[in-house]
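This report refers to the structure that appears directly beneath it.
Note that the coordinates shown come from a computational prediction; the quantities given were computed from them, not determined experimentally. Within every chain, numbering begins at 1; the chains are lettered A, B, ... in the order of the sequence lines, protein sequences first and strands thereafter.
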Protein chains: 2
Amino acid sequence: MSKVTLKRIAETLGISTATVSKALKDYDDVSASTKSKVKALAEKLNFKPNSYAQSLRTQESKIIGLIMPEIVHHFFANIILGVIKSAEKEGYLVITLQSDDSFEVEKQQLDLLVDKDVDGILLSLADNTIRFKHISNIINNGTPVVLYDKISKSIECNKVVIDDKKAAFNATKYLIDIGCKRIAHVRGKLKPQTTIDRFKGYKEALKVHGMEFDKSIVFEAKNIASFEDGKNAADEIFLNHKDVDGIFAMTDLLATGVLVRLKELNVKIPKDISIMGFSNWFLTRITTPKLSTVDQPGYKMGEVAFKILLEEINNTKKGIKAPYKTIEVPTELIIRDSTK
Amino acid sequence: MSKVTLKRIAETLGISTATVSKALKDYDDVSASTKSKVKALAEKLNFKPNSYAQSLRTQESKIIGLIMPEIVHHFFANIILGVIKSAEKEGYLVITLQSDDSFEVEKQQLDLLVDKDVDGILLSLADNTIRFKHISNIINNGTPVVLYDKISKSIECNKVVIDDKKAAFNATKYLIDIGCKRIAHVRGKLKPQTTIDRFKGYKEALKVHGMEFDKSIVFEAKNIASFEDGKNAADEIFLNHKDVDGIFAMTDLLATGVLVRLKELNVKIPKDISIMGFSNWFLTRITTPKLSTVDQPGYKMGEVAFKILLEEINNTKKGIKAPYKTIEVPTELIIRDSTK
């Protein structure tokens, strides 16, 4: 039983089974000395690395891994659902993991999934993942990885994204079209691509419509899922930028914080200030007034991500190496009552 | 390779690998004729059912299954998180499945998990699951199953629950304590135990405090996750029960629908009517006024459910059969601005 041998090698050498498995598959991130120790012991135990690697490739686990930075979040809950429902239809089960937006946790979880011989991995990057060698290693060793939502241009693989820049452009353009003359932006730290792209879309819309970009009315939330950070931005706008008549917040939570605080300060919405959110969470339907926003189709994204992962799994089985693609899932403006 | 043989038997006989696996393990829900066909073929292929079952018991998959009726729901998203975080600490991975509240889907998913040789299963029952033999079968065949949240008294196994009756009693008692004289209840269909228990708690609180139970002010929502159904209940109360001064809704979504609609009808909250929800979803913090509710600790429930599953897995390995227990995770009243 291969698993048993794997465990015996790991215990004998005092390393993890993940490392043994990687050593046998010649992963770059295992040292040469560990590799030779593992291979020597495997040979002694009559455990042929090559045939083992071979068997892994022909024997499917029919399990895939899904790593997401967070779960208690309407968008990601919808992604899980889109993935597991499509996977189940095709006879695949899904191991769900949450990286807490931590690079170290994400790396461990990828190792765990490789160790379980999953047939493929769906990965949304942690905010602080800036090195990608471990991911390329996994791909180069034959496990298909599809990046979704939080991706990096530095990794060559299939990707599913929302065009955040275009969506943010459309959201800002809508505020311009309804007559807003001075539009503030509430965003997060410029690290994840989504934040960068939404910020770019905002700037681009101003530029195309001949409006000046003023960094003094761009507010940086520490946490883009924080209601309180939205409230703080609203305080700043109310105190120091009385001329602001439109606000585009990069998440519905920030937008809701802005809306609630401005109402407390007796600002009329949308008469005095129009507010636009992003994501179309359930909560946008229950604020007063109801929040205008950008629909971010989580379920659809989960479906598409699984679909292209399955294509790659099937291609890999047949020895076909199809060119990588990046699929864009379309977004839609949802206009409610927080905009004029 | 056992899996390969399993598949060959399944293909030869035109049945699923799950059925083959169950036939070899003598499950009750496989017919005698199928069992004998499977066993005969297994013998011919030199595939020993007994040694196979043996190897299953000694070889851990270090994977557990988690079945939930829904996911896009703050409470269940928190449960996933509680489960996968505790599982990961102990070296277990979690396959997440969603039954769509369907008995048939739930049954198939349990079969899938058994087929994957998971070490244990966490299950919250679908609303329309009223037969339990397939679940007892799984338990009797050595796979630990822990029921959480939506449980049934008819299944003998470990369980993790919230005392819904006590929580609903406390919520209603609070409305009585602040001076409400006529308290309406918005509930779902009396099928899942949670709905029954919350309704019982409501009635019990009225009784203990000498208040009359009047079924004309108990409203049944078709869908307890429907904002609209809450609005409909509010319309009924406004039109036909002007004397109602307190409302206990069994979910925050129903309570929010009630609150939003009553505001539209110019009812002053909490001056005219106090409203109490149940669950403490994020949305309760962003309604105006903020909603008083009962905190339903999803993360904690997930942690506890995994903990007792792990205990049972470890006991099973050692051949220990500990008595089953039902653990109650405590709830808490969260008083905000929708109650006087």
Side-chain angles (χ1 to χ4, degrees), chain A residues 1-4 7 55 58-66 70-81 83-85 87-88 91-98 100 105 108-109 112-113 115-116 118 225 227 252-253 256-257 259-260 263-264 281-288 290 298-299, chain B residues 1-4 17 55 58-66 70-81 83-85 87-88 91-98 100 105 108-109 112-113 115-116 118 225 227 252-253 256-257 259-260 263-264 281-288 290 298-299:
Chain A
M1 200 136 288
S2 55
K3 278 280 175 194
V4 173
K7 212 174 156 192
S55 91
T58 53
Q59 197 197 348
E60 296 169 273
S61 66
K62 287 274 183 181
I63 293 177
I64 64 157
L66 169 66
E70 48 184 330
I71 285 176
V72 186
H73 185 310
H74 193 254
F75 177 59
F76 283 105
N78 264 315
I79 288 178
I80 298 187
L81 207 52
V83 171
I84 67 177
K85 287 290 159 195
E88 214 180 319
Y92 282 81
L93 292 178
V94 183
I95 288 174
T96 305
L97 289 161
Q98 194 242 25
D100 266 329
V105 174
Q108 277 168 25
Q109 292 178 335
L112 269 173
L113 291 173
D115 192 32
K116 286 285 178 213
V118 294
F227 185 57
D252 286 335
L253 281 170
T256 304
L259 184 147
V260 167
K263 268 172 60 187
E264 285 169 3
W281 286 22
F282 177 80
L283 68 94
T284 55
R285 267 157 286 172
I286 58 159
T287 53
T288 316
K290 288 175 189 153
Y299 191 94
Chain B
M1 201 136 287
S2 56
K3 279 280 175 195
V4 173
T17 55
S55 90
T58 52
Q59 198 196 346
E60 295 169 273
S61 66
K62 287 274 184 183
I63 293 177
I64 64 157
L66 169 66
E70 48 184 330
I71 286 176
V72 186
H73 186 310
H74 193 254
F75 177 59
F76 284 105
N78 265 316
I79 288 179
I80 298 187
L81 208 52
V83 171
I84 67 178
K85 288 290 160 196
E88 214 181 320
Y92 282 80
L93 291 177
V94 183
I95 288 174
T96 306
L97 288 161
Q98 193 242 26
D100 265 330
V105 174
Q108 278 168 25
Q109 291 178 335
L112 270 172
L113 291 174
D115 193 32
K116 286 286 179 214
V118 294
F227 185 56
D252 286 335
L253 281 170
T256 304
L259 184 148
V260 167
K263 268 172 60 187
E264 285 169 1
W281 286 21
F282 178 80
L283 68 94
T284 55
R285 267 157 286 174
I286 57 159
T287 54
T288 315
K290 287 174 190 156
Y299 190 93

For the [atom1] atom of [X] and the [atom2] atom of [Y], what is their distance to the nearest 0.5 Å?
| X | Y | atom1 | atom2 | value |
| --- | --- | --- | --- | --- |
| Tyr299(A) | Ile71(B) | OH | CD1 | 10.0 Å |
| Thr284(A) | Ile286(B) | OG1 | CD1 | 8.5 Å |
| Arg285(A) | Leu283(B) | CZ | CG | 11.0 Å |

Residue part contacting chain A, namely of [X], when any heavy atom lies under 4.5 Å:
| X | result |
| --- | --- |
| Lys62(B) | both |
| Phe227(B) | side chain |
| Ile84(B) | side chain |
| Thr256(B) | side chain |
| Leu66(B) | neither |
| Phe282(B) | side chain |

Name the option with the most non-hydrogen atom pairs under 4.5 Å to chain B; the candidates are [options].
| options | value |
| --- | --- |
| Asp100(A), Val83(A), Leu113(A) | Asp100(A) |
| Ile80(A), Leu253(A), Leu97(A) | Leu97(A) |
| Leu81(A), Thr288(A), Leu259(A) | Leu81(A) |

Any idea which of Val260(B), Leu112(B), Thr287(B) has the most non-hydrogen atom pairs under 4.5 angstrom with chain A? Leu112(B)
Donor + acceptor pair across side chains of Gln109(B), Glu88(A) (<3.5 Å): yes
Has Lys85(A) got more than 12 heavy atoms of other residues, nucleotides or ligands less than 6.0 Å from its NZ? yes
Residues that Gln108(A) engages under side-chain contact (heavy atoms from CB on, under 4.5 Å), provided they are two or more places apart: none
Set of residues satisfying side-chain contact (heavy atoms from CB on, under 4.5 Å) with respect to Ile63(B), sequence neighbours excluded: Ile63(A), Ile95(A), Lys116(A), Ser61(B), Leu93(B), Ile95(B), Val118(B)
